[in-house]
Each structure stands twice: as C-alpha cells, then as structure tokens.
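First up is the structure itself, then whatever we jot down about it.
Residues: numbered from 1 along the sequence shown. The figures here come from the full heavy-atom set of this structure, side chains too, leaving out hydrogens, waters and symmetry mates.
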Amino acid sequence: MRTADNTIADAGAGGARLAGVRIAGRGGHWDIAIRGGRIAALDPSTERDGGLVLPLMADIHTHLDKTFTASRMPARATSLFHAIEMMQADAARWDHADLTRRAGRGLDRAYRHGTALMRSHVDWYGATPPAGWHVLRDLAGEWRDRVQLELASLTPLDLFAEVGEAIAREVKAAGAVLGAFIYRNDDLEARLAAVFDLAEKHDLPLDFHVDEGLDIEARGIDAIVAETERRGLAGRVLCGHGCALSVRDPDEVAGILARAGAAGVGLTALPGCNAYLQDARAGRTPRLRGLAPLHEARAAGLEVMIGSDNVRDAFFPFGDYDLFDAFRGAVLLGHLQPEDWLNAVSEAPARWMGRSLALAEGGPADFIRLDAEDLTDALSRPRADRAVWRNGRILTDHQGEQT
C-alpha cells in the first residue's frame, strides 16, 4: 500500500518500510522497517531519494498561558516591559475556558508540527497558583501520550521573599520546575540565594529568565553561575535569554561562560522573540538583536538549546509552535551549521528534561520525515512536504492518524 509518504513500501499488517532515507546525524542512506509502532530495523540502503528523517522536537521554553492573544493587544510592544504591561492587563480575561482553548490550540499545533516534549513557563505573582497553572496541569494529563508537557513557574525575583515558599511547595507537588525573572534587581545576590535555598530545600530544578535586555549592567547570569558553582548544582540550572551578553565586553563574557560551562549551567537561546523585541524603535531599523552568544557558550561547555518562546502574544505576534521553523530562524540569525545544531531543538533539551528522542532499533517509530535531500535543502524550502510519524503512523491534519 502507498500513502502520502512516497517512501513507504509494503505497508500492511501493521508494518511499513521507508526506503533510502537520510537520517540526520548519520551518514549514508537507510531503510527503516516499522512493525507494531516501533522501529524494527535500521539497515544501510542501496536506494536513494527517500527524503530526510529527523528526530521529534523538544521545545524547552514556551508560554502557553500567554499564547494566541496577539489580536487582543492594543499596540505593538516597544519594549520588553511594555509587552509585560499589556499581557498583565490582558490576564483579566484568562478564565478557564479562555486558557484551555488557547493553550490547547498551542499543544495541538506543536504536536502536528513534530514536537514531543515541551516546557511551558506560567506567570505566577501570588501565594496561590494562578488559573493558568491549574489549566496547564490538566492539559498535561490530557496530552501526555502526545506531547509531554512540563511546567515551570515564572515569578519576578523581588516577590520571592513574600511568596516563594508557597510557590515552591506547589511546584514540588506538581513535579515541576521553579523559575524566576531576573533583570537588574536590587540586592540581587541575596534575593537569588533565597531562590536557590528553596530549590535545594524542595529538590527542584531551576529555570531563569535572565538579562533579557541590552543593558551592559545586567549581570544576573553572573550571580546565577556563582550560586550554581557554590552549591554544586550541575545540570539543574537553566538560563533563558541572556540578551545582555551580546553587548557586554567579550573578554568578560568569555570568562562568565567558561565558569558557567564548568558549573554545568545550561543556556536556552530564543532568537525569534529576542530579535523582534530588542532594540525596537518606531521608524528605525534595529541594530542590536539580543541574540545570546550560542557559539561561544557551546565552545565553553554549556549545553545550548533553542526554544520557540512566545507565540502570537504581546512579546512576539508570530509563530505556530513549529520548532523546526524556529530552528530555521536561529540558523539564519546565528550563522549556525544546521547539522551541528539540530540537537539544540531535539536531543539536548530532551536530555535536560530527563528524556531521549534519539532514533534507535527497538525504539518507538516516532520521527519527522521531510521531502528533502538534507537539512540545508529542508531549511531552504520551508514548505517541503513534512510527515510526522507517531507510533508508526503518519499524523493527518485531522484528529486521529493515517493508517
């Protein structure tokens, strides 16, 4: 039987074979035999032109509580804090139905584009969990067989003295991640140490929004690295954004990255949102794009990841939870070699979340197949046919799967 994916042969009795495909990260061409929803065999192939197979994606930095609100914003954000103000005003509309509809749409789009793992930050300003936390916990349960959703609280650093203990208890109960927003805070070291104290007390991983701006005096990441070093929390502390690193003295940046790599700190770069929002002035072309130093960070030993960040909200009014499209933007903005950086949207964030998406014999037949010769070809033709395979079947545009 033949399907929309023209590399399939002998599909019947629950089996299929993809002939002559390239597999990202492996040389040559391969035949993939699928039986019972799993990869029964991976064999070198004499056939060609079977397309390109990628692992599923892991989106480690999203904001499902804010998503699909762009049409409700009164203006284009002119700065990070302008976007924050507009989102806080819109939050009055975030009831159960609104959050479920918008976040569910985001999960559905991510799933159909090929994302299997996701972490969503959730705005949290008080001692009790916000509505978004409850809704996303419910959605995580509903979607667990399609997208494994991990949650991270997101609270301004200055509020932790008042509500941090209550938040940490709730985060622990949910098996989630403790997060904070840090940007040029007073009494930074002491306030940050209190967050680390909570993380150690409740055995919680940490994920920070840090230095998301272009002020050379923004040095939150320095304090985070120092606390991670002091406490020996390698692999437990992730820093997102790091825009200010793009404007600081290069030697200074090299020093902090070397310490971060040795301490086991991770870095998530968010090129799309940061390039859109940083250095934004009406009627003027932006000069500074706020892109964290991806190459330098990886060379210094950091695990570097790339995420979608905001999708269709005040911070970034574009996107569709297509992490491969976000990867394309990162390749262009960061001058990345695609083959060397694909793991930044797949296996690296998956490992950081304690999982793996690697293709292997005996493993699940979950992958993305593109009608492309290689990654450069796929990135050059964003509309190239894409088939997302889950449990040995191709997803369709409708509910259910293609057999």
Side-chain angles (χ1 to χ4, degrees), residues 2-9 11 16-34 39 41-60 110 112-117 269 271-272 291 294-295 298-299 303-308 319-351 356-361 363-390 392 394-395:
R2 296 182 67 84
T3 72
D5 189 329
N6 61 13
T7 67
I8 301 172
R17 183 172 72 95
L18 277 68
V21 300
R22 289 185 178 271
I23 299 176
R26 302 188 185 204
H29 292 77
W30 298 82
D31 293 340
I32 303 177
I34 299 168
I39 298 175
L42 282 173
D43 296 314
S45 179
T46 59
E47 300 189 45
R48 298 291 184 269
D49 302 322
L52 174 68
V53 168
L54 312 178
L56 295 179
M57 304 280 160
D59 204 343
I60 200 165
R112 298 189 181 284
H113 287 310
T115 290
L117 305 174
L291 180 61
L294 290 83
H295 295 279
R298 177 180 276 189
E303 190 83 271
V304 181
M305 293 152 266
I306 295 166
S308 292
D320 195 42
Y321 289 97
D322 183 347
L323 190 54
F324 189 67
D325 184 62
F327 175 64
R328 180 176 185 269
V331 166
L332 299 177
L333 285 165
H335 295 181
L336 308 181
Q337 184 66 29
E339 292 78 6
D340 294 339
W341 283 89
L342 182 65
N343 73 329
V345 291
S346 55
E347 194 60 17
R351 282 197 305 267
S356 176
L357 296 172
L359 274 67
E361 285 190 1
D366 296 341
F367 51 83
I368 301 166
R369 185 264 176 194
L370 294 159
D371 183 16
E373 297 175 0
D374 53 30
L375 264 179
T376 299
D377 184 32
L379 293 168
S380 300
R381 298 186 297 114
R383 294 187 180 183
D385 287 344
R386 183 190 314 189
V388 177
W389 285 69
R390 301 299 296 268
I394 303 172
L395 298 186

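Not counting sequence neighbours, the partners of A358 by the side-chain contact (heavy atoms from CB on, under 4.5 Å) test are E347, S356. Scanning for side-chain hydrogen bond (donor to acceptor under 3.5 Å, both in side chains) contacts around S380 gives an empty result, with sequence neighbours left out. Applying the ring-ring contact (aromatic ring centres under 6.0 Å, His included) rule to Y321 yields no partners; only residues at least two apart in sequence or on another chain are considered. With sequence neighbours excluded, no residue satisfies side-chain hydrogen bond (donor to acceptor under 3.5 Å, both in side chains) with E361. E339 is linked by a side-chain hydrogen bond (donor to acceptor under 3.5 Å, both in side chains) to Q337, counting only residues two or more places apart in sequence or in another chain. In terms of the side-chain contact (heavy atoms from CB on, under 4.5 Å) criterion, residue partners of L291 (sequence neighbours excluded) are, by chain and number, P271, L294, L333. Considering only residues two or more places apart in sequence or on other chains, R298 meets the salt bridge (Lys or Arg N to Asp or Glu O under 4.0 Å) condition with none of them. Looking at residues two or more places apart in sequence or on another chain, you find no side-chain hydrogen bond (donor to acceptor under 3.5 Å, both in side chains) involving S346. In terms of the side-chain contact (heavy atoms from CB on, under 4.5 Å) criterion, residue partners of A116 (sequence neighbours excluded) are, by chain and number, L56, L357, R390. Applying the side-chain contact (heavy atoms from CB on, under 4.5 Å) test to A348 and every residue at least two apart in sequence or in another chain returns E303, M305, N343, R351.
Among all heavy-atom pairs drawn from V304 and A344, the shortest one is O-CB, 3.6 Å. Pairing each heavy atom of A365 with each of I34, the nearest pair is CB-CG2, 3.8 Å. D43 and A41 make their closest contact through OD2-CB, 3.7 Å (heavy atoms, listed as atom of the first residue, atom of the second, distance). Nearest heavy atom pair, residue L323 against residue S308, reads CD1-OG, 3.7 Å. Here the closest heavy-atom approach between residue V331 and residue P338 is recorded as CG1-CG, 4.1 Å. When every heavy atom of L117 is checked against every heavy atom of A350, the shortest pair comes out as CD1-CB, 3.6 Å.
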**OP:** Run the numbers on I60 and I306 for side-chain contact (heavy atoms from CB on, under 4.5 Å), then give the verdict.
**Re:** CA-CA 8 Å; I60 200 165; I306 295 166; over 6 Å; no

**OP:** Could you walk me through whether H113 and D59 pass side-chain contact (heavy atoms from CB on, under 4.5 Å), step by step?
**Re:** CA-CA 11 Å; H113 287 310; D59 204 343; over 6 Å; no

**OP:** List the steps and the verdict of side-chain contact (heavy atoms from CB on, under 4.5 Å) for I368 and V53.
**Re:** CA-CA 6 Å; I368 301 166; V53 168; over 6 Å; no

Original post:
Can you check side-chain contact (heavy atoms from CB on, under 4.5 Å) on F324 and L375, steps first, answer last?
Top reply: CA-CA 11 Å; F324 189 67; L375 264 179; 3.9 Å; yes

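Atoms CZ and CG, from F367 and L18 in turn, are 5.0 Å apart once rounded to the nearest 0.5 Å. Separating the CD1 atom in I39 from the CH2 atom in W389 is a distance of 10.5 Å, to the nearest 0.5 Å.
A distance-only check finds no donor-acceptor pair linking the side chain of R369 to the backbone of I394 [under 3.5 Å].
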Distance-only criterion, 3.5 Å: show the donor-acceptor pairs between side-chain atoms of residues 21-33 and protein atoms not counting sequence neighbours.
{"unit_1": "R22", "atom_1": "NE", "unit_2": "E373", "atom_2": "O", "d": "3.2"}
{"unit_1": "R26", "atom_1": "NH2", "unit_2": "L359", "atom_2": "O", "d": "3.1"}
{"unit_1": "H29", "atom_1": "ND1", "unit_2": "R48", "atom_2": "NE", "d": "3.4"}
{"unit_1": "W30", "atom_1": "NE1", "unit_2": "G27", "atom_2": "O", "d": "2.8"}
{"unit_1": "D31", "atom_1": "OD1", "unit_2": "G20", "atom_2": "N", "d": "2.9"}
{"unit_1": "D31", "atom_1": "OD1", "unit_2": "S45", "atom_2": "OG", "d": "2.7"}
{"unit_1": "D31", "atom_1": "OD2", "unit_2": "R17", "atom_2": "NH1", "d": "3.4"}

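Screening residues 319-334 for salt bridge (charged side-chain N to carboxylate O under 4.0 Å, His left out), with sequence neighbours left out, gives R109-D320, R312-D320, D322-R386.
The ring of H295 has its center closer than 6.0 angstrom to the ring center of W341.
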